Amino acid sequence: MPSTLTAKELEELGKSYYKRKEYQKAVDTFTEGLRAPSATWLTLLDYRSAAYMKLEKNERALADGKEMIRVGNQDVRGYLRAGKVLQKMEKFETALKVYEYGLRKVSTANTDYQLLRGVQDKLTKQLSPPKAVDPLNALPAELVDMVLSYLSFKNIVNCLRVSRTWNGYLGSIPSLWSNLDLSLPRKPVKLQFIRKCITRSQGRLSTAVMSRIADGGTLNTLTKCCKNLQTLELTDGGLVGQTLIEAMKHASNLTTLILGQRIHVSEDTLYQILKNCPSLVHVEVQSLKGPLDVDFHMPNMQTIKLTSAAPGRQSIDSFLDYMPNIRCLSLINWSLWGPRHVIDLAKLSKLQHLNLEKSSSLYSLTLPPSLLSLKHTKSNEFVASNNSRWSPAQADEPFLLPQIEELHLEQVYAERAYEVLDTMLNAEERPEAPFPWSSLRTLALCSFTGSTERESDISIALGCPRLEKLEELALIDTPTVDDELASTLPDLFPRLRILNLSKTSISGVAVKVIVTKLRGRLTFLGLNMCHRVSPDAVEWARQQGIEVSFKSAEGAGRGKGGRLVRF
C-alpha cells in the first residue's frame with residue numbers, strides 16, 4: 001500500500017530511524033522517499049548510502065554514491081560519499097581517482113570545493129611513503145597557486161607527468177589553462193591535446209600562441225569552442241588561406257591576431273579575415289603577399305603591422321580611410337607611392353606611432369601632428385633605385401611634429417635633410433600648433449647625410465631646445481661627427497643614458513670627455529667601426545661601469561667556429 005507521507009516527511013522519518021540505529025528501516029524509508037513526488041534525490045541517496053554502510057552493504061552504498069555523481073556532477077556530496085565507501089572497501093587508489101575526477105568537474109566557485117580538495121590531499125598524504133614530502137600537501141593551497149602562477153605553460157605541462165595527484169590538481173585549476181602557449185613544441189600539436197586544454201580551462205581560454213599545427217581542424221576547433229578567445233598568434237604550421245578564413249569565422253570576440261613570417265597571407269585572405277572579425281583591435285601580418293585593399297569600416301582597429309613578402313609599389317590610401325581610430329601603424333618592406341603622389345597620413349588624427357622600416361621615400365608623406373614616435377629606415381634596394389629629394393609640396397608644408405618624443409631616421413640622403421629635421425623639431429617655427437610642444441627622449445640619425453657645403457647644419461639641429469631632456473642619442477655613420485662635436489654632446493644633453501656614435505671619426509679623446517662628463521648617468525656607449533678609437537680607450541670606459549659595444553668591421557665579433565673575438 002503506497003505511503004501517504006510526503007518526500008520530506010519520509011526523509012525526516014528515515015533520519016530518526018538512522019539515529020535509533022534501525023538502519024534497515026532507514027534504508028526502506030529512504031527508498032520509499034525516492035519514489036515520492038518532488039523527492040530530493042541527492043539528499044535521500046546520500047542518507048541511504050550512509051545506512052547501507054552501517055549494514056556493511058558497501059556495494060549498494062557505492063552504487064548510491066555513483067548515482068549521486070550521475071545525477072549532480074557539480075555537487076561534491078556524490079564524490080565525497082563514493083570516496084568514503086571506497087576507502088572503507090580499502091580501494092584507496094580508486095577513491096583518489098574519484099576525488100581527482102570531482103575536482104575537474106566541480107566549479108572552483110563552489111563553497112565546498114576546498115572541502116573536496118582537503119579530503120583528496122589527506123588521502124594522498126596517507127598513501128605517500130613515510131619520508132616523501134609532496135609540496136602540494138605540505139604547502140597551503142594559496143601558496144601553491146601562487147608558485148604555479150610563475151611557471152610557464154611548458155613547465156605546467158611537464159608537471160602533469162609528476163604523478164596522478166599533480167595531474168589531477170593542475171588539471172582542476174582553470175586559470176593555468178587560460179593562456180595556451182605552444183610556440184615551441186617538439187612535435188606537431190594534435191587536436192586531442194587542444195581539446196584537453198579547452199576542457200581544463202572550463203571555457204576560459206583567452207590567449208593562444210601556436211606553432212606546428214597538425215591540421216586545419218585543430219585551429220577550427222580552437223576558435224569554435226573558445227568563445228572567450230581574445231588573442232591568437234600563429235607562428236608556423238603551413239596553414240593555407242581558406243583554413244584561416246574558415247577558422248576566423250568563429251572568432252567573434254578576437255581582438256589580437258598575429259600571423260608569423262612562415263604563414264604567407266594573400267591580400268584576399270587578409271581581406272576576408274578582417275571582414276569576419278570586426279572586433280579586431282591589433283593585427284600583425286609578417287608575410288603579406290600583395291597590397292591590402294578594403295571597402296568596409298573598421299572602427300575598432302588601433303594597431304596594424306604589415307610586412308610585405310617582397311618589395312613593390314603599394315598604395316595605402318585604400319585601407320587607411322577605413323581605420324579612423326588607428327593609433328599605431330607599421331609598414332615594413334613597403335614601397336609607397338612617390339615622390340609625385342603624396343600620401344596623406346595627416347588625416348589620421350589619432351595616429352601616435354608610425355614605423356616605416358625598409359620602406360621607400362618618407363618625403364611623399366604628410367604626417368599628423370599627433371605623432372609620438374616616428375621610425376623610418378630605407379632598404380638598400382630603395383636607396384639604389386630612388387634618387388630622393390624633398391618634393392615641392394613638402395618643401396612648402398614642412399612636417400609639423402609638436403608631440404614627437406622618439407625620432408629614428410635612417411639612410412636619408414637629401415640636400416635639405418638637416419633643414420627639414422630642424423623644422424620638425426623647432427617649436428618656434430609653428431607656434432599655432434594644436435598640441436603643446438613636447439621634449440624628445442630618443443633621437444637616432446643613421447646614415448643621415450645633408451649637403452657637404454653645410455656641415456654645421458647638424459650642430460644647429462642638435463641645438464634645438466626640444467632636445468635638452470634627451471636620454472637616448474644615436475649618430476651613426478654621420479661623417480660630420482668628430483671629436484669636437486662629440487665633446488659638446490654631454491653639455492647639450494646632460495641626461496644622456498644611451499649614446500651610439502658608431503661609424504664616426506671620433507677618437508679616444510672624445511670617449512674620455514663623454515664618459516667623464518656623463519659619469520653616473522651614461523650606461524651604454526656604441527663605438528662600432530670607430531677606427532680611430534683604441535682598445536685602451538674602450539677598456540678604460542668599461543672600467544668606469546659603462547657597457548661598450550666595439551667592433552672593428554661590419555659583422556665582426558665572431559671568428560670561425562662561432563668563437564667570440566674581442567677587441
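Please read these numbers as outputs of a predicted model, since none were measured by experiment. All values below come from the heavy atoms of this structure, side chains included, with hydrogens, waters and symmetry mates left out.
In this model, a donor atom of one side chain and an acceptor atom of the other lie less than 3.5 Å apart for N355 and S330. Looking at S266 and D268, their side chains never bring a donor and an acceptor atom within 3.5 Å of each other.
In this structure, the side chains of M210 and I194 come closer than 4.5 Å at one or more pairs of heavy atoms. A 4.5 Å side-chain heavy-atom check between S370 and K350 finds every atom pair outside the cut-off. Between D295 and Y271 the shortest side-chain heavy-atom distance falls below 4.5 Å. Counting heavy atoms from C-beta outward, H264 and S287 have side chains that approach closer than 4.5 Å. I273 is not listed as a side-chain neighbour of V283, based on a closest heavy-atom distance of 4.5 Å or more. Side chains of L501 and I514 form a contact here, defined as non-hydrogen atoms less than 4.5 Å apart. Residues C277 and L257 fail the side-chain proximity criterion, which asks for heavy atoms closer than 4.5 Å.
In this structure a side-chain-to-backbone donor-acceptor pair under 3.5 Å is missing from N228 to S206. Panel note: side chain S279, backbone S252; a donor-acceptor pair is recorded below 3.5 Å. At least one donor-acceptor pair closer than 3.5 Å links the side chain of Q74 to the backbone N or O of K105. In terms of modelled atom types and a separation under 3.5 Å, the side chain of T478 and the main chain of I476 share a donor-acceptor contact. The main-chain N or O of G171 is never found under 3.5 Å from a side-chain atom of R104 such that the two would form a donor-acceptor pair. N253 contributes a side-chain N or O that, together with a main-chain N or O of K227, makes up a donor-acceptor pair within less than 3.5 Å. Between the side chain of N300 and the backbone N or O of P278, at least one donor-acceptor pair lies under 3.5 Å.
Of the candidates L527, L525, L470, L499 forms a side chain to side chain contact (heavy atoms under 4.5 Å, CB included) with just one, namely L525. Evaluated for a side chain to side chain donor-acceptor pair (under 3.5 Å) with S373, the options H353, H408, Q403 yield exactly one hit, H353. Between R441 and the options E405, E472, E471, a salt bridge (Lys or Arg N to Asp or Glu O under 4.0 Å) holds for only E405. Of the candidates H282, E284, E233, Q230, H282 is the only one forming a side chain to side chain contact (heavy atoms under 4.5 Å, CB included) with T256.
Among pairs with a residue in residues 166-189, those fulfilling ring pair (Phe, Tyr, Trp, His ring centres under 6.0 Å) read F153-W177, at least two apart in sequence or across chains.
Taking 4.0 Å as the cut-off between side-chain N and carboxylate O, E100 and K97 do not count as a salt-bridged pair.
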